[in-house]
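Here's the structure we're looking at; comments come further down.
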Amino acid sequence: MGSFVGDEVKTAPRGFNKEDKAIDLIKKKQYIFIKKYTDAEVLDSNFINEVSSVFKIIRPYFDYMSDVLTTDLNGVSLIED
């Protein structure tokens with residue numbers, strides 16, 4: 001898929017060490033996946049299978065972020081039933 005793209009803050013966010021090995025990811029304000037296709041690939045009869053396979057590859061990321069964004073620091077759900 002390539003590297004993450006998206007806006008990021010200019011310096012380490014408050015409370016994070018600017019020397020952290022993952023600071024480039026911590027500074028991101030958004031994570032965008034980009035997969036480019038040629039016209040021929042889009043018109044190919046197998047294109048839907050290709051797109052489906054790409055979604056399956058990135059699905060674990062979406063599942064993880066859903067958990068992170070819907071729980072507090074103790075892992076308790078923030079979503080009311």
Side-chain angles (χ1 to χ4, degrees):
M1 291 294 301
S3 60
F4 282 119
V5 296
D7 292 341
E8 62 182 53
V9 296
K10 294 184 187 298
T11 61
R14 185 177 299 141
F16 288 92
N17 182 342
K18 66 180 180 180
E19 302 300 324
D20 189 296
K21 65 181 180 177
I23 198 63
D24 58 327
L25 296 174
I26 294 168
K27 289 170 43 178
K28 293 281 187 202
K29 294 193 286 184
Q30 55 190 199
Y31 300 90
I32 301 171
F33 294 93
I34 296 176
K35 174 90 169 123
K36 296 184 178 188
Y37 295 98
T38 65
D39 289 346
E41 290 171 318
V42 171
L43 296 173
D44 188 276
S45 62
N46 194 43
F47 183 65
I48 190 70
N49 294 325
E50 167 63 20
V51 171
S52 177
S53 124
V54 170
F55 279 122
K56 288 175 184 174
I57 290 168
I58 62 176
R59 184 71 221 189
Y61 170 80
F62 287 115
D63 292 342
Y64 171 74
M65 290 305 290
S66 293
D67 287 343
V68 168
L69 296 172
T70 60
T71 57
D72 66 15
L73 294 175
N74 295 315
V76 177
S77 176
L78 299 173
I79 301 173
E80 296 181 29
D81 292 325

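Values below: every heavy atom of this structure, side chains too, minus hydrogens, waters and symmetry copies. Source: prediction; values computed, not measured.
The number of heavy-atom neighbours closer than 6.0 Å to OH of Tyr61, taken from other residues, nucleotides and ligands shown, is above 12. By the 6.0 Å contact criterion, CG on Asp39 is open, its count of non-hydrogen atoms from other residues, nucleotides or ligands being 12 or less.
Judged by distance alone, with hydrogens and angles left aside, the side-chain atoms of Ser66 form a donor-acceptor pair with the main-chain N or O of Phe62 at under 3.5 Å. Formation of a donor-acceptor pair under 3.5 Å by the Asn74 side chain with backbone atoms of Val76 is not found in this model. The closest donor-acceptor contact from the side chain of Tyr37 to the backbone of Leu43 lies at 3.5 Å or more, if one exists at all.
We find the NZ-CD1 distance between Lys35 and Ile58 to be 11.5 Å, quoted to the nearest 0.5 Å. Atom CG of residue Asp67 and atom OG of residue Ser77 lie 9.5 Å apart, to the nearest 0.5 angstrom. Atom CD of residue Glu41 and atom CG of residue Asn46 lie 10.5 Å apart, to the nearest 0.5 angstrom.
Residues Gly6 and Ile32 come closest through the heavy atom pair CA-CD1, 4.1 Å.
Under the 4.5 Å side-chain heavy-atom criterion for Ile, Leu, Val, Met, Phe, Trp and Tyr, Tyr31 and Ile23 are members of distinct hydrophobic clusters. Residues Phe33 and Tyr64 fall within the same hydrophobic cluster, defined by Ile, Leu, Val, Met, Phe, Trp and Tyr side chains chained together at heavy-atom separations under 4.5 Å. Placement of Leu78 and Met65 in two distinct hydrophobic clusters is found when ILVMFWY residues are connected by side-chain heavy-atom separations under 4.5 Å, directly or transitively.
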- [ ] Using the side chain to side chain contact (heavy atoms under 4.5 Å, CB included) rule, take Val9 and Lys29 through it: C-alpha gap first, then chi angles, then the decisive distance, then the call.
- [x] CA-CA 7 Å; Val9 296; Lys29 294 193 286 184; 4.0 Å; yes
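With hydrogens and angles left out, the side-chain atoms of Asn17 and Asp20 include no donor and acceptor closer than 3.5 Å.
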